[in-house]
Asks: 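Handing you a structure now.
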Amino acid sequence: MMERDLMDIRAETDELTTDKMWVIMGPQHPFSHGLWTLKVELDGEIITDAEPIVGYLHRGWEKECENRPYAKIVPMADRLCYAASMTYSHLYCMTVEKALDIEVPEKAQYIRVVSDEICRISSHLMWLAAVGTDLGNFTVFLWCMREREYWMDLFVRLCGARMTTNYPRIGGVRNDITDLFDRDVDRCTEHFEKSLWDIITLIDDSSIFVSRMKGTGILTREQCVNLGITGPAMRGNGVDFDIRRDDPYETYGKIDFEVPVMNDGDSYSRYMVRVEELFQSCRIIKQAMQKIRAIGKNAPYRLKVPTNVPACTAMCRLEDPRGESLMYLVADGSGKPYRLKVRSPIFTNVSASKPLVVGSRIADVPAIMAMIDMCLGETDR
Amino acid sequence: MPFMKVYPKNPARSLWVMKPLVKMFRFLGKTIVHRPVCILYPYEKMWVPDNYRGRPGLDFNMCVGCGMCVRMCPTSAIVLVDAPDDNGNIVKRPQINMGRCAFCGYCAEYCPIDAMTVTPEFELAEYTREDLIYGPRRLAYKGTNDMMKIQIEETLISDIKNGNPERRVKPFMIDRPELESAKCISCKKCEKVCPVSAIKMVEHGVNAKGRPILWPEIDDSKCICCENCVDECPKSALHIKEVL
């Protein structure tokens with residue numbers, strides 16, 4: 001009798017099958033850093049399929065540019081990415097300068113390097129803050145935001161604005177660095193190198209954090225290259241490539257720094273690469289500031305450029321905090337661009353979300369996608 | 001590599017039991033000694049530098065109404081409106097819609113006579129959208145200093161080629177409108193539209209119908225290169241010759 005009962009129960013459990021279920025995460029969801037949807041197919045707790053949907057933030061940026069004079073696109077380029085606004089206006093200016101075939105004064109190039117690296121630090125700190133909240137540690141968020149304020153204050157000293165800096169100009173930068181900036185950039189860098197260790201110890205010594213990050217979101221090196229992933233997400237997968245070192249723009253070729261690479265290919269290695277980049281950025285800032293001081297105060301930093309760009313095409317790329325950003329300009333000889341195309345790193349990285357999350361548990365998705373460092377402003381444009 | 005190489009070798013890692021306690025007390029001490037990061041916002045305010053790009057400011061009497069700010073505004077937030085000056089005469093002055101303003105600072109940067117400035121004012125909330133429109137008189141800011149008058153300091157490409165690079169303040173003001181005299185129909189529109197009266201129509205003979213041929217002559221000392229004459233010319237006889 002007893003045996004029969006047990007057999008019946010086993011028979012019932014064998015018949016108990018669950019359907020796969022599509023769960024829509026986003027566009028407004030605590031896991032998503034911005035307006036995008038991740039549709040995941042769940043088999044119990046395991047993700048079997050995923051589909052990213054972008055486009056909620058599309059503003060027609062590229063088309064808007066076709067109706068504007070070249071100078072007026074610089075403030076628009078700031079709006080592409082709210083966390084790293086300087087890199088996009090820098091990239092735009094570099095592209096137009098390439099079309100005009102002019103070389104920017106050396107001082108402006110160093111100032112651009114400094115401002116780009118400050119931008120990278122503030123962007124990475126924002127990412128670290130977001131990682132803290134995603135993984136349930138609000139202290140990390142607060143501390144990162146506190147440190148970020150110092151860099152934001154540097155931006156205010158540099159150009160008078162915190163977020164949408166509108167600082168690079170076609171032919172140089174908006175204004176020279178002030179004495180206050182010169183003084184504070186060193187203080188800020190030294191303070192930051194110490195205080196970053198506090199934040200790192202909070203995350204890295206916590207077994208909850210590490211177990212959530214280690215071994216999740218694994219991509220192989222080949223997958224990473226085939227998907228076109230760039231930036232720290234790529235360097236965390238063992239691909240040793242950085243545009244700042246391998247195809248140097250501005251004066252990065254004259255600056256000594258290292259490109260961190262990790263071979264594990266999981267979320268933890270992406271985290272490690274970004275943290276190491278924070279230290280390396282401080283190193284670059286120190287060197288570039290020394291060079292700026294050596295150049296002197298009265299050196300030119302901005303060129304007067306023609307209003308019209310001759311009919312040509314130009315393409316430029318730079319190392320964004322998130323990866324490789326690229327702009328392609330088609331000029332028709334008038335004062336407005338004929339076509340301006342933006343290649344943003346996160347658009348490609350988002351498309352890799354399927355191989356990233358498939359096979360992992362749904363609770364890992366926030367951690368995996370946080371390590372991609374989303375910014376949907378540049379993705380949807 | 002400070003992080004990747006140093007951190008795994010950190011001897012403190014072996015003290016995993018004591019470590020959280022030690023760290024907690026260290027941070028506790030730090031927090032007690034450290035001054036607060038937060039400020040009581042409406043009562044205490046953050047310090048902002050003089051060159052902070054808050055709302056634009058305007059010196060009404062200095063402004064000549066050239067419309068350079070209108071031309072350069074990326075969001076078309078600025079329009080020129082009629083306003084009475086101190087003597088009661090109607091003049092053109094900029095009016096800014098703060099709801100549209102992107103706070104890029106172009107208006108202050110490109111103003112040829114530094115009438116437009118940036119100001120450190122950033123608390124601009126209003127109850128209605130109409131209140132966000134700042135007329136020419138409301139744009140005034142007390143305590144304007146030199147840091148707020150953003151100047152363009154550019155170097156000419158030709159100067160660098162000559163080996164004599166120097167920063168020139170407002171170099172776009174050395175560009176001048178050039179006349180293609182064959183196209184000119186002597187309509188005098190350029191003379192009327194010039195905000196600083198730099199254009200004077202000068203007679204150059206008589207045409208086949210016996211009417212005087214008037215061509216604009218530009219006073220270089222007065223011209224601010226606002227390009228209004230170029231835009232106004234119905235026959236596109238004027239164009240800007242850029243000095244590079």
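Here is the naming used below: chain letters follow the sequence lines, and residue numbers restart at 1 for every chain.
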Asks: For Asn298(A), is it the side chain, the backbone, both, or neither that has a heavy atom closer than 4.5 Å to a heavy atom of chain B?
Replies: backbone
Asks: Run the side-chain contact (heavy atoms from CB on, under 4.5 Å) check on Arg71(B) and Lys72(A) step by step: do they pass?
Replies: CA-CA 10 Å; Arg71(B) 190 186 302 275; Lys72(A) 284 197 201 177; 5.8 Å; no
Asks: Taking Asp159(B) first and then Lys304(A), would you say they form a salt bridge - that is, a charged N and a carboxylate O separated by under 4.0 Å?
Replies: no
Asks: Taking Tyr106(B) for its side chain and Ala71(A) for its backbone only, find out whether a donor-acceptor pair lies under 3.5 Å.
Replies: yes
Asks: Where does Thr165(A) contact chain B at under 4.5 Å (heavy atoms): side chain, backbone, both or neither?
Replies: backbone
Asks: So for Cys38(B), is it side chain, backbone, both, or neither that comes closer than 4.5 Å to the heavy atoms of chain A?
Replies: neither
Asks: Taking atom CZ of Phe25(B) as the centre, does the number of heavy atoms from other residues, nucleotides or ligands within less than 6.0 Å exceed 12?
Replies: no
Asks: Specify the closest pair of heavy atoms between Glu154(B) and Leu303(A), including all atoms of both residues, with the distance to one decimal.
Replies: OE2-O, 3.6 Å
Asks: Among Pro165(B), Gly105(B), Pro120(B), Cys73(B), which residue forms the greatest number of heavy-atom pairs with chain A at distances under 4.5 Å?
Replies: Cys73(B)
Asks: For the residue pair Asp176(A) and Arg167(B), what are the closest heavy atoms and their distance?
Replies: OD2-NH2, 2.6 Å
Asks: Within a 6.0 Å radius of atom CG on Asp101(A), are there more than 12 heavy atoms belonging to other residues, nucleotides or ligands?
Replies: no
Asks: Flag yes if more than 12 heavy atoms outside Asp146(B) fall under 6.0 Å of its CG atom; otherwise flag no.
Replies: no
Asks: Which value, rounded to the nearest 0.5 Å, describes the distance between Thr178(A) atom OG1 and Met147(B) atom CE?
Replies: 6.5 Å
Asks: Side chains of Lys30(B) and Asp198(A): closer than 4.5 Å at any heavy-atom pair?
Replies: yes
Asks: Counting C-beta onward and ignoring hydrogens, is there a side-chain heavy-atom pair between Pro306(A) and Leu244(B) closer than 4.5 Å?
Replies: yes
Asks: Kindly give the heavy-atom pair with the smallest separation between Arg53(B) and Ala161(A), and that separation in Å.
Replies: NH2-CB, 3.4 Å
Asks: Let me know if Ile160(B) has heavy atoms under 4.5 Å from chain A in its side chain, its backbone, both or neither.
Replies: side chain
Asks: Looking only at heavy atoms, which two atoms of Cys104(B) and Asn166(A) are closest? And how far apart?
Replies: O-ND2, 2.9 Å
Asks: If I compare all heavy atoms of Asp153(A) with all of Met46(B), which pair ends up nearest, and what's the gap?
Replies: OD1-CE, 4.4 Å
Asks: Do the non-hydrogen side-chain atoms of Val156(A) and Tyr52(B) ever get within less than 4.5 Å of each other?
Replies: yes
Asks: Measuring heavy-atom distances to chain B, does Glu149(A) have an atom under 4.5 Å in its side chain, in its backbone, in both, or in neither?
Replies: side chain
Asks: Could you grab the distance from atom CZ of Phe122(B) to atom CZ of Arg162(A), nearest 0.5 Å is fine?
Replies: 9.5 Å
Asks: Side chains of Ile152(B) and Arg174(A): closer than 4.5 Å at any heavy-atom pair?
Replies: no
Asks: Check whether more than 12 heavy atoms from other residues, nucleotides or ligands sit under 6.0 Å from atom CD of Glu103(A), and answer yes or no.
Replies: no
Asks: Considering only heavy atoms and a distance below 4.5 Å, find which of Asp175(B), Val118(B), Thr75(B), Asp50(B) pairs most often with chain A.
Replies: Asp175(B)
Asks: Under a 4.5 Å cut-off applied to non-hydrogen side-chain atoms, are Thr201(A) and Phe27(B) in contact?
Replies: yes
Asks: Which atoms of Arg168(B) come close to chain A, meaning under 4.5 Å heavy atom to heavy atom: side chain ones, backbone ones, both, or neither?
Replies: neither
Asks: For Ile102(A), which atoms come within 4.5 Å of any heavy atom of chain B: side chain, backbone, both, or neither?
Replies: side chain
Asks: Please state whether the side chain, the backbone, both or neither of Glu166(B) comes within less than 4.5 Å of a heavy atom of chain A.
Replies: neither
Asks: Less than 4.0 angstrom from a charged side-chain N to a carboxylate O is my criterion; do Glu153(B) and Arg302(A) meet it?
Replies: no
